[in-house]
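See below for the structure under consideration.
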Amino acid sequence: MKKYGFVLLLIPLFYFPCYISDELVRELTKEDGLYEYAGAFLFFFTSIAFFILATKPNVFRAHKGSNKLPDRRYFWLLGLLFFFAFGEEISWGQRIFNFETPEAIKEMNIQGEFNFHNLKFFHGKTPEGEEKTGIMALLSMHRLFYLAFFTYLLVLPLLYKANSRIRGLADKLKLPVPLVIIGVLFIFNLAYGNTLRELLPEIDDHGIVEIKEFLMALILFLLPLSWMRFKKTNKEITE
C-alpha cells in the first residue's frame, strides 16, 4: 500500500496551474486541451489494462497471496465501463473525425455534442444554466460516477476489512476488492479540488473541475495496475 502513497504528493502538484493564473488554467483545461485528452487516454489505458486482466490469467496477482482468479466478468465489465468513459470524454471522436451530431441527440444534448453525459437528463445544470437540486442533481452522470466509485473504492474495502459477513459475501461472489489506499486517493483528490474552488474563486471553476477529473482518471488507472503481475514466476497460475 505504501508504494501508492507518493500519489498523495502528485495530486497537489497537478493543480499547479491554479497557483499561477486563471489564464494558464483556461489554456490547459480548454476543450480538447492537455488535461482533457490526458484524462481521456488514461481511461483508455485503464480499459485496456482490465481487458488484459480478463483475458490473460497469468497477469493477475491477488493481494491475499492466492492464485485463484476472480470471476472474469468483473474485469470485462470494468474494461467496458472505462472504454465508455474514454469515448464520452472525446465525444466518441466527434471533433477528431468532424462528424455532425444526429439531430435527435443534438436536441437533447446541452452542448449539442455526440455524448451521453451532456444529455439534459444527465447534465448537472438545467438548459437555463442553473444547478440542478434534489434527486435530479444526484442523477447527473458525474455524480453517479463519483458515487459509484466512492462506494467501490472506499466503502467496500473498509467494510471488507471490518465485517466478516461482507467479506464472506465478496469472497463468495469472487468480487475483486480494491486496496483502501486507492479509495483514500480518490477522496483526497475530490476534497482537494473542491477546497481550491472555495479558496480560489478567481480561478475558472470549470478548469479546476477538469484538473480534478484528470487526476481521478490517473487514480483509477492504479486500480487494474494493483492487480497486475509484472514479474515472471515459475509458479503456475490457475484459473
Look only at the side chain of [X] and the backbone of [Y], and say whether a donor-acceptor pair between them is shorter than 3.5 Å.
X: Arg197; Y: Ile208; answer: no
X: Ser47; Y: Gly79; answer: yes
X: Asn194; Y: Leu190; answer: yes
X: Asp204; Y: Asp22; answer: no

So, for [X] and [Y], which heavy atoms are closest and what is the spacing to 0.1 Å?
X: Glu113; Y: Ile105; result: O-CG2, 3.8 Å
X: Val25; Y: Gly207; result: CG1-CA, 3.6 Å
X: Tyr152; Y: Pro176; result: OH-O, 2.5 Å
X: Ala170; Y: Val177; result: CB-CG2, 4.2 Å
X: Glu89; Y: Ala40; result: CB-CB, 3.6 Å
X: Leu223; Y: Pro178; result: CD1-CB, 3.7 Å

Quiz prompt | Working for side-chain contact (heavy atoms from CB on, under 4.5 Å), residues Ile90 and Tyr37 | solution = CA-CA 8 Å; Ile90 62 170; Tyr37 269 116; 3.8 Å; yes

Let me confirm one number: the [atom1]-[atom2] distance from [X] to [Y], rounded to the nearest 0.5 Å.
X: Leu10; Y: Ile219; atom1: CG; atom2: CD1; result: 9.5 Å
X: Leu185; Y: Leu153; atom1: CG; atom2: CG; result: 9.5 Å
X: Glu27; Y: Leu34; atom1: CD; atom2: CG; result: 10.0 Å
X: Asp32; Y: Ser91; atom1: CG; atom2: OG; result: 8.0 Å
X: Arg167; Y: Lys172; atom1: CZ; atom2: NZ; result: 16.0 Å
X: Ile182; Y: Ile187; atom1: CD1; atom2: CD1; result: 13.0 Å

Check whether any side-chain heavy atom of [X] sits under 4.5 Å from a side-chain heavy atom of [Y], and report yes or no.
X: Phe51; Y: Phe75; value: no
X: Asn189; Y: Tyr15; value: yes
X: Cys18; Y: Ile211; value: yes
X: Lys174; Y: Arg73; value: no
X: Leu81; Y: Leu77; value: no
X: Phe83; Y: Thr46; value: no
X: Leu156; Y: Leu175; value: yes
X: His206; Y: Arg26; value: no

Are [X] and [Y] linked, directly or through other ILVMFWY residues, by side chains that come within less than 4.5 angstrom of each other?
X: Phe41; Y: Leu80; answer: no
X: Phe6; Y: Leu222; answer: yes
X: Trp76; Y: Phe45; answer: no
X: Leu215; Y: Phe188; answer: yes
X: Leu13; Y: Ile20; answer: yes

Quiz item: Side chains of Gln94 and Thr101: is there a donor and an acceptor less than 3.5 Å apart?
Solution: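 Gln94 vs Thr101: donor-acceptor pair found between side chains.
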
Quiz item: Ring centroid separation for Phe97 and Trp92, is it under 6.0 angstrom?
Solution: no

Quiz item: So, for Phe145 and Phe149, is the gap between ring centers shorter than 6.0 Å?
Solution: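 Yes, they do, as the ring centres are separated by less than 6.0 Å.
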
Self-check item: Those residues that, when tested against Phe214, pass ring pair (Phe, Tyr, Trp, His ring centres under 6.0 Å) (two or more places apart)
Solution: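 Residues passing ring pair (Phe, Tyr, Trp, His ring centres under 6.0 Å) with Phe214: Phe14, Tyr35.
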
Exercise. Could you go through the side-chain contact (heavy atoms from CB on, under 4.5 Å) check for Phe186 and Leu154 one step at a time?
Key: CA-CA 8 Å; Phe186 187 83; Leu154 190 61; over 6 Å; no

Practice problem: Please report the C-alpha distance between Val180 and Tyr160 in whole Å, then the side-chain angles of each, then the deciding distance to 0.1 Å, and finally whether the side-chain contact (heavy atoms from CB on, under 4.5 Å) criterion is met. | Solution: CA-CA 10 Å; Val180 173; Tyr160 185 86; over 6 Å; no

Quiz prompt | Listed once per pair and sorted, the salt bridge (charged side-chain N to carboxylate O under 4.0 Å, His left out) pairs that draw on residues 175-193, sequence neighbours left out | solution =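 Listed once each, the pairs would be none.
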
Quiz item: Do the ring planes of Phe86 and Phe44 sit parallel (below 30°), tilted (30 to 60°) or perpendicular (above 60°)?
Solution: tilted

Quiz item: For Glu36 and Lys30, what are the C-alpha separation, side-chain angles and deciding distance, and is it a salt bridge (charged side-chain N to carboxylate O under 4.0 Å, His left out)?
Solution: CA-CA 8 Å; Glu36 182 174 67; Lys30 64 185 178 181; over 6 Å; no

Quiz prompt | Lys/Arg N to Asp/Glu carboxylate O, Glu31 vs Arg95, below 4.0 Å | solution =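 Looking at Arg95 together with Glu31, the answer is yes, because their closest N to O distance falls below 4.0 Å.
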
Quiz item: Would one find more than 12 heavy atoms of other residues, nucleotides or ligands at under 6.0 Å from atom OH of Tyr192?
Solution: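 Yes.
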
Quiz item: With a cut-off of 6.0 Å (strictly less than), are more than 12 heavy atoms of other residues, nucleotides or ligands near CD of Glu202?
Solution: yes

Exercise. List the steps, then state whether side-chain contact (heavy atoms from CB on, under 4.5 Å) holds for Phe43 with Phe84.
Key: CA-CA 9 Å; Phe43 282 140; Phe84 176 80; over 6 Å; no

